[in-house]
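In the text below, chain A, chain B and the rest are named by the order of the sequence lines, each starting its count at 1. Computed over heavy atoms, backbone and side chain alike; hydrogens, waters and symmetry mates excluded.
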Amino acid sequence: MKENKKLLLIDGNSVAFRAFFALHQSLERFVNHNGLHTNAVYGFKTMLDNIIESVNPTHVLVAFDAGRKTFRNEKYADYKGGRAKTPTELSEQFPYVKKLLEAYGMKYYELQNYEADDIIGTLAKQGEEQDFETTIVTGDRDLTQLATEKTTVAVTQKGVTEVERYTPKHVEAKYGLSPAQIIDMKGLVGDNSDNYPGVAKVGEKTAIKLLKQFKSIEGIYENIDELKKSKMKEHLIEDKEIAFMCKDLARIRCDVPLEVELTDTVWNGSEHQKLVEFFQEMDFKRFLEKISAATQDDPAQKIIEDIKFTALTKDNVNQFNFDAEAVEGVSFYLEMMGDNYHTAPLVGFAFNVGTKYFASRDTELLKYPNLRKLLENENIDVDLFDGKRTFVGLNRLGIHLTDIRFDLLLVSYLLDTSDNSNDLGKLAQQHDYTEVLEDEQVYGKGAKIKIPENDAEYYSHLCNKVRTIKKLRTPLMKKLETNKQEELYIKIERPLAIVLAEMEIDGITVDTQRLEEMGSEFKERISEIKQTIYQEAGEKFNLNSPKQLGVILFEKMKLPVIKKTKTGYSTAVSVLEKLRGMAPIIDNILKYRQIAKIQSTYIEGLLKVTFEKDSKVHTRYTQTLTSTGRLSSVDPNLQNIPIRLAEGKKIRQAFIPQKTGWQIFSSDYSQIELRVLAHISHDANMQKAFAEGQDIHANTAMNIFELDSPADVTSNMRRQAKAVNFGIVYGISDYGLAQNIGITRKQAKLFIEKYFKIFPGVKEYMEKIVISAREKGYVETLFKRRRYLPDISSRNYNIRSFAERTAMNTPIQGSAADIIKVAMINMQKMLKEKKLEARMLLQVHDELIFEAPSKEIPILEEVVPQVMDAAVSLDIPLKVESSYGKTWFDAK
DNA sequence: TAAGTCACG
DNA sequence: ACGTACGTGACTTAC
């Protein structure tokens, strides 16, 4: 079979230009350690990767312009005259673009007296004759004149990753001209950037019309008499010479005496070592990570040879006996097809004992006593990747995992909360371990995702994962030790994973009937409001589209524009609230939004994820995601069920206990973040206020409004003071505070100054934590959870400020997260010890929610606050408030 | 897939 | 002078 020859020709200057300006806004973010700008190199690289993937070329050449003067200047002295000088930020990058190409193993070429276009034209023509399929990449539309049946011209769009592909058909569709006529058009129209004039007053439209009629410039002048008398005709006659000259300038030469031939442009792929060195020089950290695993010739092949494994089946599984005494530990990996481990098909497993590896597709085999023992025997340490996921998966097989020792995912997250990939392969790369592929590389992605049918390929991938776990245990545990984070791992996160798994497996019961009733009620109201809005607007439109709504409000109804977004008018609540009273439509829109949100997210959304068999939702808590240490909840998110507005709060009526006669019980920490702040800042005044059990917001109000008695605090003052307290926790700015409570920036600034005068310890803490973050590069929580803040030394004000606010906020938010995690572990232990039927079901950052038989409620009322209180001992007391009722709504 | 919006702590 | 609150997830439209 004859191999397909595919030629890729790139207009180097033009693409570099496009790349540079596409990333111009981020110019200062692309600077390497030597102060070199790298945005054009970066963009060029991105373009290369994209085009390689879509074209898969066998031959590549990148053409550059050799200098400013070419043969065209001899024909027309002003050709490309008056051009602005190339910015130095770009010109300094050209040598590095060439270096990039060397690392990619790609030929590049330039020729005195000619432009890159001419080199490309010549090679494209040769390609044509030698039966190549050719793609030309450029930012310059002029090159579309080279399009043929076998040559496609890909013109970069706004960015550099997207291209518009010009085939002769596409040229025709776009201009109504053939590719060859593009030259005639340029001759008539001229080119501003190349600085040649064309025929006076003839633009693209006129040119196209003329060329449709007369085919070419020659045709026009041969038949010039046919044209009616007009200004245009006069210009044509007047500028005849210019037209021919311009056509000549526009015509790309296809017969240039090149020193390269197509055989010189064979492309054999990039050179790994050079690429690594180059990316290091450019500080392209992410690309480095990507290539470190992926660029071996055939990594899968290589690794298969490395690991010898036994494929387990029903027939041979009983031949293997793992004597518990002899087995020191097992590294184990359970594969599932999909994110949701409550339902995802269990599609395989692999494990390692001693020097031996085993793998199988048949997860039922795990139930055989000899395998089950490995996971359930308390004397065998189990090392895993994502213990919670594995625990839930095994639980579905009736296998109860005990004693997790090392959880690669969890430890990795603790070491750096910002590196939170869920992919074992990706994560391994971040720890410089590359003997394993990413799932995407083996399973594919999107609709094409699938487990390999080839046993060797699949099992070696699974075994590689197991080996990764095994290999990374010691070095990562060592790092934990260095960071003094062992306690955080062993006492908090590791046991918490099991507590969370149990909560998720339990799930919370949903009254679907109640939801459906509410749904039909809301449905009616929605359609009523919709009708009213259409009437007020005078037309129907898509209310869910901020874009269409913006047109109605700000163009049709001419309401004042309060705020703009990147893409148009903002129609966010804060904006609509300012427009209230100007038109009745506003109130209706707000109401519509409110109810539509409840309907789609909380009624329809919740019903969608309720399991039919137990009428429950089983959320998943992501334990390794947030950079502060909080949990998050997905599928469904049970941490954002409405409460603030009465309409939405009703949703909570649909969360009920699993048995009749049971109750929902809830306890929450009161102002835990401010208490944490009082503790870590050692601020005497704030500590005193908490120690005395004062209303902290009222106390703050008294101080910033300079009142003598708590009785003088109005509710508005308290509200504002509360906002100040929140602002402090977030890393305050006068603008943000002003925005939030609707006062002037000046006033906000005054508030903050007063605040810091009253709580000097807080001020000092804020200053110190930023300095410490700058020195150490990270901040820590009470339990040594760590967040790195590389941006804290950024020269960009915005980026730096953000990092500074993060430095102030993370120890507070993160320590509060630590505390409730400890409480959860102790709480679960307590429920078991006391043999209560009560179940802990949900965590909402500062709140724990249980279900329990009514008779256990008095016990919970005593025990839960006790346990939560005792989770940690601070300089000041914690405060816990509890409530219960027959639904979550009633537990308030 | 990104952006806008809005639900929660 | 800069241009902002901290941490999340889900749904919808529009590219």
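For A:T622 (side chain) and A:S632 (main-chain N/O), a donor-acceptor pair under 3.5 Å exists by modelled atom type.
The residue among A:N542 and A:F726 whose nearest nucleotide of DNA chain C lies closer to the 5′ end is A:F726.
On a pure distance criterion of 3.5 Å, no polar donor-acceptor pair joins the side chain of A:R593 and the base of C:dT12. Between the side chain of A:S632 and the base of C:dT8, no donor-acceptor pair under 3.5 Å is found. In the interface, the side chain of A:R787 is not paired with the base of C:dG7 through any donor and acceptor atom under 3.5 Å apart. Counting atom types as modelled, A:Y730 pairs no side-chain N or O with a base atom of C:dG7 as donor and acceptor under 3.5 Å. Below the 3.5 angstrom threshold, one finds no donor paired with an acceptor across the side chain of A:R805 and the base of C:dG7. At a cut-off of 3.5 angstrom, counting only N and O atoms as typed in the model, there is no donor on one side facing an acceptor on the other between the side-chain of A:Q639 and the base of B:dC8.
Nucleic acid contact for A:D846: sugar-phosphate only, since backbone atoms but no base atoms lie under 4.0 Å from a heavy atom of the residue. Residue A:N796 is classed as having no contact, given no heavy-atom separation below 4.0 Å to the nucleic acid. Residue contacts for A:L631: at a heavy-atom cut-off of 4.0 Å it reaches no nucleic acid atom on any strand shown. When heavy atoms are screened at a 4.0 angstrom cut-off, A:A738 is found touching no nucleic acid atom at all. Backbone-only engagement by A:S633 is indicated by non-hydrogen atom pairs under 4.0 Å involving sugar-phosphate atoms exclusively. Contact annotation for A:E604: no contact, since no heavy-atom pair falls under 4.0 Å across all strands. A:S733 comes within 4.0 angstrom of a base, heavy atoms only. In this structure, A:L625 reaches the sugar-phosphate backbone alone: every heavy-atom distance under 4.0 Å involves primed, P, OP1 or OP2 atoms, never a base. A:V634 comes within 4.0 angstrom of sugar-phosphate atoms only, judged by non-hydrogen atoms across all strands, and of no base. Counting any heavy atom pair closer than 4.0 Å across all strands shown, A:G605 reaches sugar-phosphate atoms only and no base atom.
Nearest to the side-chain atoms of A:S627 among the listed nucleotides B:dC6, C:dG7, B:dA7 stands C:dG7.
Spacing of P atoms, C:dG3 relative to B:dC8, comes out at 32 Å, to the nearest Å.
Across A:L409, A:V392, A:T624, a single residue satisfies side chain to side chain contact (heavy atoms under 4.5 Å, CB included) together with A:D386, and that is A:L409.
Between A:T417 and A:S627, the side chains place no donor N or O within less than 3.5 Å of an acceptor N or O (distance only, hydrogens not considered).
In this structure, the CD1 atom of A:I598 is 13 Å from the C1' atom of B:dC8, given to the nearest Å. Between the CD atom of A:Q599 and the P atom of C:dT12 there is a distance of 10 Å, rounded to whole Å.
Dense packing is recorded around NZ of A:K556, with more than 12 heavy atoms of other residues, nucleotides or ligands lying under 6.0 Å away.
Aromatic ring centroids of A:F759 and A:Y755 lie under 6.0 Å apart.
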